Chemist: 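This is the structure, below, for whatever I ask next.
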Amino acid sequence: MPAPAFQPGFFASGPQVLFEDAEGGVRYLPEVVPFALAARWFEAVRDHADWKAMRRPMYDRVVDVPRLVAAYRLEDPALPGPLADIAGHVRDALGEPFNAVGLNWYRDGRDSVAPHGDKPHMITPGHPIAVLSLGAERRMVVRAKQPPRRSVAIDLAPGSLLVMSHASQATHEHGIPKVRGPVGQRISLAFRVRPPR
DNA sequence: GTCTCCCAATTCAA
DNA sequence: CTTGAATTGGGAGA
């Protein structure tokens with residue numbers, strides 16, 4: 001007999017641990033936000049954030065940074081669109097005192113972010129980073145910086161949270177590789193506890 | 001001001 | 001075919 005389709009956690013898997021460390025490692029939490037709400041948030045954030053297109057020199061040419069970005073301190077009284085509401089949800093979901101958010105808009109499969117770890121000045125020891133995904137699913141790759149450089153891929157569904165420990169930012173890199181073929185638009189919101197300036 | 005680190009796209013090798 | 005290394009240069013942070 002095949003497993004019954006309604007068995008909880010069989011098809012729609014629950015929280016997933018990509019790897020473990022002393023601070024909780026990297027965890028994927030699907031369906032933290034209901035699908036319909038995530039869809040509304042996607043449109044509102046897309047339409048109201050003040051997106052910036054960056055350019056960067058590369059050899060003898062200047063190239064576009066392959067995504068649009070925006071960033072806010074959560075104490076900003078003029079947070080655009082639903083950002084304050086979203087921040088409240090994420091804070092409540094994890095019980096972390098997030099005070100900053102960085103947004104990335106991946107417009108199609110050519111948009112990406114190179115593997116990287118968050119810089120020490122962006123985060124606070126003991127506090128994780130939480131990446132909320134909205135819009136289309138995109139694959140993230142998390143890779144250890146030290147040999148054997150194990151890498152894990154995770155498809156980030158809308159409404160999910162990827163929670164990465166502070167320690168993991170020193171030991172691992174994460175990135176969104178380019179993909180060929182049609183891909184929908186995705187917006188990520190990376191919540192952090194940043195040190196005061 | 002000075003130093004260090006990072007990240008873009010393309011090319012090339014395995 | 002796929003994956004990874006190497007490459008240059010400007011900007012951000014310490």
Side-chain angles (χ1 to χ4, degrees), chain A residues 16 18-19 21 23 25-26 28 45-46 49-76 78-80 83 87 96-156 162-197:
Chain A
Q16 182 175 337
L18 280 72
F19 74 90
D21 67 22
E23 302 179 357
V26 174
Y28 176 70
V45 172
R46 177 196 61 196
D50 60 326
W51 297 105
K52 305 213 181 310
M54 319 269 297
R55 293 170 70 74
R56 174 183 291 281
M58 181 72 180
Y59 295 95
D60 58 346
R61 58 175 57 174
V62 178
V63 301
D64 293 324
V65 169
R67 61 191 177 278
L68 299 182
V69 300
Y72 301 93
R73 289 270 179 173
L74 296 179
E75 64 263 26
D76 183 343
L79 288 175
L83 273 186
E96 286 286 338
F98 296 117
N99 60 13
V101 63
L103 314 188
N104 289 288
W105 179 1
Y106 303 90
R107 297 157 293 182
D108 59 34
R110 293 167 297 187
D111 276 355
S112 63
V113 66
H116 68 283
D118 280 21
K119 317 290 175 292
H121 76 270
M122 303 180 67
I123 50 184
T124 302
H127 294 287
I129 304 150
V131 178
L132 176 67
S133 294
L134 304 176
E137 188 170 276
R138 283 290 292 263
R139 176 158 298 183
M140 170 174 280
V141 175
V142 180
R143 184 176 63 182
K145 295 165 88 168
Q146 294 303 322
R149 306 191 78 187
R150 276 191 54 249
S151 83
V152 183
I154 180 77
D155 293 323
L156 302 177
L162 186 76
V163 184
M164 300 186 284
S165 72
H166 175 270
S168 72
Q169 296 310 291
T171 59
H172 290 69
E173 298 178 316
H174 57 278
I176 303 287
K178 297 182 196 300
V179 292
R180 11 175 288 140
V183 181
Q185 308 201 8
R186 167 176 181 263
I187 290 172
S188 72
L189 300 87
F191 290 89
R192 301 183 178 90
V193 180
R194 293 194 64 155
R197 278 168 298 200

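Keep in mind that what you see is a predicted model, and the values were worked out from it rather than measured. Quick note on labels: first sequence line is chain A, next is B, and so on, each numbered from 1.
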Chemist: Calculate, to the nearest 0.5 Å, the distance between atoms CG and CD1 belonging to A:Leu156 and A:Ile176 respectively.
Modeler: 5.5 Å
Chemist: Taking only distance into account, with no hydrogens and no angle test, what donor-acceptor pairs under 3.5 Å do side-chain atoms of residues 177-191 of chain A form with protein atoms, sequence neighbours excluded?
Modeler:
from: A:Lys178; atom 1: NZ; to: A:Arg110; atom 2: O; distance (Å): 2.9
from: A:Lys178; atom 1: NZ; to: A:Ser112; atom 2: OG; distance (Å): 2.9
from: A:Gln185; atom 1: OE1; to: A:Trp105; atom 2: NE1; distance (Å): 2.7
from: A:Arg186; atom 1: NE; to: A:Ser133; atom 2: OG; distance (Å): 3.4
from: A:Arg186; atom 1: NH2; to: A:Ser133; atom 2: OG; distance (Å): 2.9

Chemist: With sequence neighbours left out, write down each residue that passes side-chain hydrogen bond (donor to acceptor under 3.5 Å, both in side chains) with A:Arg107, or none if nothing qualifies.
Modeler: A:Asp111
Chemist: So for the helix from B:dT2-C:dA14 to B:dA14-C:dT2, with five pairs setting each end axis, what is the inter-axis angle to 10°?
Modeler: 30°
Chemist: Could you name each residue pair satisfying ring-ring contact (aromatic ring centres under 6.0 Å, His included) that touches residues 106-154 of chain A, not counting sequence neighbours?
Modeler: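 Residue pairs with at least one partner in residues 106-154 of chain A: A:His116-A:His174.
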Chemist: Let me know the distance between CZ of A:Arg55 and P of C:dA12, rounded to the nearest Å.
Modeler: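 Roughly 16 Å, once rounded to whole Å.
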Chemist: Polar-atom pairs under 3.5 Å, protein N or O versus N or O of nucleotides 2-5 of chain C: list them with distances, or write none.
Modeler:
from: C:dA5; atom 1: OP1; to: A:Arg149; atom 2: NH1; distance (Å): 3.4

Chemist: What residues, two or more places apart in sequence or in another chain, satisfy side-chain hydrogen bond (donor to acceptor under 3.5 Å, both in side chains) together with A:Arg138?
Modeler: none
Chemist: Going 5' to 3' through nucleotides 7-14 of chain B, assign each nucleotide B (protein heavy atom under 4.0 Å from a base atom), S (under 4.0 Å only from sugar-phosphate atoms) or - (no protein heavy atom that close).
Modeler: BBB-----
Chemist: Under the rule for side-chain hydrogen bond (donor to acceptor under 3.5 Å, both in side chains), what residues qualify as partners of A:Arg150, not counting sequence neighbours?
Modeler: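 Partners of A:Arg150 under the side-chain hydrogen bond (donor to acceptor under 3.5 Å, both in side chains) test: none.
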Chemist: Quick one: side-chain contact (heavy atoms from CB on, under 4.5 Å) partners of A:Glu23, sequence neighbours excluded?
Modeler: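 For A:Glu23, the residues satisfying side-chain contact (heavy atoms from CB on, under 4.5 Å) (neighbours in sequence not counted) are A:Asp21, A:Ser165, A:His166, A:Ala167.
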Chemist: Between P on B:dC5 and CG on A:Asp118, what's the gap in Å once rounded to a whole number?
Modeler: 18 Å
Chemist: My understanding is that only residues two or more places apart in sequence, or in another chain, count here; which of them pass side-chain contact (heavy atoms from CB on, under 4.5 Å) with A:Met58?
Modeler: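 Expected list: A:Val63.
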Chemist: List the residues meeting side-chain contact (heavy atoms from CB on, under 4.5 Å) with A:Pro195, not counting sequence neighbours, and say none if there are none.
Modeler: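 A:Pro195: side-chain contact (heavy atoms from CB on, under 4.5 Å) contacts with A:Thr124.
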Chemist: Suppose we screen for side-chain hydrogen bond (donor to acceptor under 3.5 Å, both in side chains). Which residues come up paired with A:Arg55, at least two apart in sequence or across chains?
Modeler: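 With sequence neighbours excluded, A:Arg55 shows a side-chain hydrogen bond (donor to acceptor under 3.5 Å, both in side chains) to A:Asp64, given in chain and number order.
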